[in-house]
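Here is the naming used below: chain letters follow the sequence lines, and residue numbers restart at 1 for every chain.
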There are 2 protein chains.
Amino acid sequence: MAASVRDVAQLAKVSVGTVSNVLNRPDKVAPATVERVHRAIDELGFVRNDAARQLRAGRSKTIGLIVLDVRNPFFTELARGAEDEAAANQLAVILGNSDDDSDREAAYLDLFEEQRAHGILITPIGDVTERLERLRAHGTPAVLVDRSGADSGFSSVSVDDIAGGYLAARHLLEQGRRRIAYIGAQFEIRQVADRLEGARRAVTEVDDATLEVISAEGLTVLDGRRAGERILARPATSRPDALFTVNDLMAVGVLQALVMTGAVRVPDDMALVGYDDIDFASAAVVPLTSVRQPSRLIGSTAVSVLLEEAADPSLERRTIVFQPELVVRASSVRH
Amino acid sequence: MAASVRDVAQLAKVSVGTVSNVLNRPDKVAPATVERVHRAIDELGFVRNDAARQLRAGRSKTIGLIVLDVRNPFFTELARGAEDEAAANQLAVILGNSDDDSDREAAYLDLFEEQRAHGILITPIGDVTERLERLRAHGTPAVLVDRSGADSGFSSVSVDDIAGGYLAARHLLEQGRRRIAYIGAQFEIRQVADRLEGARRAVTEVDDATLEVISAEGLTVLDGRRAGERILARPATSRPDALFTVNDLMAVGVLQALVMTGAVRVPDDMALVGYDDIDFASAAVVPLTSVRQPSRLIGSTAVSVLLEEAADPSLERRTIVFQPELVVRASSVRH
DNA sequence: GGCGATTTATGAATCGTTTCAATTATAGAG
DNA sequence: CTCTATAATTGAAACGATTCATAAATCGCC
């Protein structure tokens, strides 16, 4: 049905080798011939068969990216960065969504392995290092994203969450706040624990400052709102004067609870800082101070590292850690 | 480097044909042989080379899905539905994000064509019907999603946005509201226009009801907030008593504007209905009444239709239209 | 024990591209 | 006009799984 190089060669009256050269190294072919071959390609509507090309090449032109949750803007931005960098190297990115499910994660690894992916970027859930090592032995390198790979034997690109937590808390302290509360959940997640750790460090640097830890059910808007309601239920004197939430979704929830009753003014009575700097953050009722991560840069850097390792597998593993940045808005600064 | 069927065959002391049979039709092979081959596979760490398989098969095991915006929960849910249905048929979905850019759309079509995708699901931007027809002629069927394909010669799976607009407006009318405003932007987008059209129909059914159209800059939270502020700037008597926004993001923005000042109570002074029923809707300061679309079902249905056409290209085109559903919450009902 | 039916196994041919050693054409130098 | 670089082109081999016509082994039955 579909035309092949053979058909093109025949129509253009050249050999298949020449057609291939026109496709891949046009400078090695006489201009007139290039022209003739192109005409034949157009006439036949020829489109390269990627499967055959891959078979010959032994490796696909695709990078597999497995993220935890495509609904999280952090990951879509990361994916976008990866895509851009990959495209600059004539590669495509296939996005897999593990949804925090290690079976789905494994299924995507199977797929990428069968496809002989050029490389794999992954935010691992289950214990996949063994799996990844086998892949690497078979020529498919992997880079961990948003995870420190220091101990795993893999390169990694991540963000310093301890520094992020420190930034947020120090900012609140600099605004004169002293009774800070950290609102989080699922403290076994590294990010949640690290941000707390960072906040703790900032607080210990100031003599009369205290840090309270408030544990919520989950990490959603609704969980944030519930946490906010619990704080409001306390007598005004025993409430914190500043809140730092583990992510922006929760911060939005907290904000809803505070604004709804009107009992507490933000930032006058209580300052609020979130994390991630999602689009919603700047559009909240009170624009939200937040900690921004260079998500897009993480994606593109991860691809760069991956490609370097693909080109030279003997390269030493690298652990790249980006620094987050504080974005100050109305929710934390008295006017 | 990597083991091939040939290596497996050698180790298991069988022919390559038998190895292939073990992989694809194990019931045609004696149990003892199957066992022996599996041991060899494990020992060598053999993994099928998908490129070789595809080359022989002439078609890949992948469905290409091109969406407008992965950040929109509607599309991620749709993708999820497509994935599930595809997985049930031993197929994988590759998600491409066109970001409303017809160049990116074309690049993904190129990719899918070279990969000899099993089929393509697309929410088209540019004029791609010609392109899709060529693909179909070469054996790659396509189904339009979230677009009516009635006139394009392609099957389509979409939602009845006119009905959705009607539902929203009629609900407001049933709550006794009479001065309804529709807030939207980019009215050339079919969805935006259709929802308005539906609202208009509902309003004309009620004698003393009026429909005002408020045009915003864009479709984001911030645009909604600005629209809300403009409404507040008007004297109380000339304000509408109900708002219907083209999507939930804008509804959230409007809500922020109204709540912030406290001048207007929702729903008492002004009722509010959004569209899409995103997660945020139920978590808003005032839980939001919204129109829900069966996004996941759209995705899975589109894959089903696609597979049927792939199996029998002579099949008649189908135009499937789902009905949306009204989800009533506090923002539109007086308590 | 012989015959046909059935089950199981074989291996060469095939898919379409790329590669590369070999060949032919072309140009420039002497 | 010959000889040697250089440029342009050729075409067979290879990649690895699948298929299918064919062969071999096994079985049941008279």
Pair of N/O donor and acceptor under 3.5 Å linking C/dT17 base with A/Arg53 side chain: no
Side-chain donor/acceptor of A/Arg56 to base of C/dT18, under 3.5 Å: yes
Donor-acceptor contact below 3.5 Å, side chain B/Arg36 vs main chain B/Ala12: yes
Between the side chains of [Y] and [X], is the shortest nitrogen-to-carboxylate-oxygen separation below 4.0 Å, so that they form an ion pair?
X        : Y        : result
A/Arg39  : A/Asp42  : no
B/Glu113 : B/Arg131 : yes
B/Glu83  : A/Arg104 : yes
B/Arg190 : B/Asp161 : yes

Answer with base, sugar-phosphate or nothing: what part of the nucleic acid does [X] contact at a heavy-atom distance below 4.0 Å?
X       : answer
A/Gly17 : base
A/Val29 : sugar-phosphate
A/Val14 : sugar-phosphate
A/Thr18 : base
A/Arg6  : base

Name of the residue among B/Glu309, B/Arg318, B/Glu308 meeting side chain to side chain donor-acceptor pair (under 3.5 Å) with B/Ser155: B/Glu309
Modelled atom types, side-chain donor and acceptor of B/Thr301 and B/Ser304, under 3.5 Å: no
Pair A/Ser158, A/Ser156: side-chain N/O donor-acceptor within cut-off below 3.5 Å: no
Nearest-nucleotide comparison on DNA chain D, the residue closer to the 5′ end among A/Pro31 and A/Val16: A/Pro31
Pair pattern of DNA chain C in dot-bracket, where unpaired bases get dots and | marks partners in another strand, Watson-Crick or G-U under 3.5 angstrom: ||||||||||||||||||||||||||||||
Respond yes when some side-chain nitrogen or oxygen of [X] is under 4.0 Å from OP1 or OP2 of [N], and no when none is.
X       : N      : result
B/Asn24 : D/dA17 : no
B/Ser15 : C/dT10 : yes
A/Ser20 : C/dT18 : yes

Take atom [atom1] of [X] and atom [atom2] of [N], then tell me their distance rounded to the nearest Å.
X       : N      : atom1 : atom2 : value
A/Leu23 : C/dT19 : CG    : C1'   : 14 Å
B/Arg59 : C/dG16 : CZ    : P     : 11 Å
A/Lys28 : C/dT24 : NZ    : C1'   : 17 Å
B/Lys61 : D/dA17 : NZ    : P     : 16 Å
B/Asn49 : D/dC15 : CG    : P     : 12 Å
A/Gln54 : D/dG16 : CD    : C1'   : 13 Å
B/Arg25 : C/dT7  : CZ    : P     : 16 Å
A/Asp7  : C/dC15 : CG    : C1'   : 13 Å

Closest nucleotide among D/dG16, C/dT17, C/dT8 to the A/Arg48 side chain: C/dT17
5' precedence on DNA chain C between B/Thr33 and A/Asn21 (nearest-nucleotide basis): B/Thr33
